[in-house]
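The basis for the numbers below is simple: all heavy atoms, side chains too, and nothing from hydrogens, waters or symmetry mates.
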Amino acid sequence: MSTDTGARAAGTEEAVTLPAAAPATVAAAPGWGALAIVMVGTFITVLDYFIINVAVPAIQSDLTASSAQSQLVIIGYGVAFTAGMITGGRLGDLYGRRRMFSLGMLGFTVASALCAVAQGPDALVAFRVLQGAAAALMVPQVLGILGVVYTGAARARAFVVYGLVIGLAGVFGQVIGGALISADVAGLTWRAIFLINLPVGVVALVLTPRLIPESRAARGGRLDLVGALLSAAALAAIVLSLVEGQERDWPLWTWLLLVAAVPLSAAFVLHQRARQHRSPLVDFALFKGRTFPVGLVAMLLYFLAMGSFFFLLALYLQQGRGLSPAESGLVFLTLGAGYLGSSMLSTRLAARLGDGLITAGPLTLAVGYVLTGLTASWIDTDKSIGWIIAPLILSGIGMGMTTGPLTGSLLAGTDPEHAAAASGTANTVQEGGVAIGVAVVGAVFFPALGDAPVPGDYPHAFDVGLIPLVAFCLASSVMVRFMRPRAERRAARAAKTPAPQ
């Protein structure tokens, strides 16, 4: 059987290249090696999104960086990462997802090395932007590869692992960063957080062609350069204005940038509509039906609530309770424990509960946030921080119930022809949700904290910051209920109900 015939037999329209001795079906060809490699790429890119937070004081001291330059070290990566993912996904569909994953991994590894040897703050900012751009090329291929390589129950498990890795990378970003900086191995201080990417990247580059089959869209085409520029400009304007506006107390230029995002976004949509039959960057066929567009809204609301909680919790622990980065990381581990446990069980639970699991996940997270806020108020500054562990575990359970299953449900009905483009859109929503969520939290947290805060002010501000996050969780749970028509949900429940004996 030829490779193309085998791909069609597996239920796809992909042009897939497999080793000669491999089985014909795409799902069986690479085993779990492909999953392991793309999860490495996912972990290090998300890790570097969060790990830098604990390194900022050391960077400021070593490079004599200003406050604005230190912020750009964080923001530059996030803006480039978010703004480039739709284009990165489309490049994978056109030129090969494995090829773009490898190029992204190579660029990320080289950029990490450059960050590690940067001799000035401006150079570090530039290298972080390069690192974010490389991540934007690599990460959209992950969900595209998983959606093409795995089918059925194997695909569901792969998406759960994906969700688990995202959460653990966010949690362990605080832990690993704090440990590396505190250890100060060979006097490297903050440079160690970039150097650890080098051996990981090299190993992944060696194994990628051996473990991941190549796949691309069956129909060719060219990259829509105008669309790529418009989408990157619109996303960069949104993310940069929101993050910098919150950090700099909303100067005029941040408002002008946010306003400019509106016509840029409109121009992008109109341009894509005009190119629907000429290789568009985003095929509007993805938005037919209910699952993908409603699922994107549910995902946006969920990541508004999830990613920004890491930011809020770190501020509370380190500035409000006086914990060191390493001590703060240990508290984050309890959140990760709940996340890990529920993620490992979510595949089994999803088989029984279906969409009910994803609906319950954000609700569980909302309850965890409420209990975390109440506990923070009760312990104030004089009781042990250990009291907050139980509600953090519950919050982690809610995250683990939602991240992977929601991603899998969102992409389950996507045409493999547009696998990487769909995943690029989903990844953009995820990262954009985190950035916007941080801006929203900052807009309510810092005014509640006041101009000259003392540790006793932090519990109240922490509680106020959690209010919009709880609202986002509840809204996400409601949107999940509308991802599929009622008749389809009833049919799914009936299929899971045992027939009477």
Side-chain angles (χ1 to χ4, degrees), residues 35 38-50 77-94 97-98 100-101 103-105 107-108 131-148 155 158-170 227-228 231-232 234-236 238-239 268 281-283 286-287 291-293 295-304 306-308 399 402-412 414 416 418-438 476:
L35 176 65
V38 296
M39 287 305 99
V40 167
T42 301
F43 186 85
I44 61 175
T45 51
V46 176
L47 181 73
D48 275 45
Y49 198 99
F50 290 98
Y77 179 89
V79 170
F81 193 8
T82 305
M85 278 194 287
I86 291 179
T87 302
R90 184 58 181 152
L91 285 169
D93 284 337
L94 290 175
R97 297 170 188 126
R98 184 182 70 185
M100 293 301 109
F101 179 85
L103 286 175
M105 180 66 77
F108 191 86
Q131 195 183 35
L137 181 60
M138 174 169 46
V139 170
Q141 317 314 325
V142 171
L143 291 177
I145 289 169
L146 296 183
V148 171
R155 179 185 290 177
F159 282 137
V160 167
V161 173
Y162 168 80
L164 172 63
V165 168
I166 285 181
L168 293 183
S231 68
L235 289 166
I238 293 170
V239 175
F268 172 71
L281 199 65
V282 176
D283 195 321
L286 288 170
F287 297 89
T291 300
F292 193 77
L296 280 180
V297 176
M299 179 174 282
L300 173 63
L301 291 165
Y302 169 67
F303 275 88
L304 284 169
M306 177 197 172
S308 54
M399 292 177 183
T402 311
T403 308
L406 178 57
T407 303
S409 182
L410 172 68
L411 297 176
T414 302
H418 309 295
S423 65
T425 304
N427 285 128
T428 300
V429 167
Q430 290 176 5
E431 301 304 329
V434 172
I436 296 170
V438 169
S476 178

Is a side-chain donor or acceptor of Ser476 paired with a backbone partner of Ala298 at a separation under 3.5 angstrom?
-> yes
Is the closest side-chain heavy-atom distance between Val434 and Ser308 below 4.5 Å?
-> no
Is the backbone N or O of Pro405 less than 3.5 Å from a side-chain atom of Ser409, with the two atoms forming a donor-acceptor pair by type?
-> no
Heavy-atom distance under 4.5 Å between the side chains of Leu103 and Met100, does that happen here?
-> yes
Closest non-hydrogen atoms of Ala133 and Ala80, given as atom of the first, atom of the second and distance, are N-CB, 3.7 Å
At their closest point, which heavy atom of Phe287 faces which heavy atom of Pro293, and how far apart are they?
-> O-CG, 3.8 Å
Donor-acceptor under 3.5 Å (Gln141 side chain, Val38 main chain) | no
Would you say Arg97 and Val148 make side-chain contact, with heavy atoms under 4.5 Å?
-> yes
Test item: Ile166 and Phe43 side chains (from C-beta on) under 4.5 Å apart, heavy atoms = no
Taking Tyr302 for its side chain and Met399 for its backbone only, find out whether a donor-acceptor pair lies under 3.5 Å.
-> yes
Which distance, rounded to the nearest 0.5 Å, do you find between the CG of Leu304 and the CD of Gln430?
-> 12.0 Å
Just by modelled atom types, is the Thr42 backbone N or O under 3.5 Å from a matching donor or acceptor in the Thr45 side chain?
-> yes
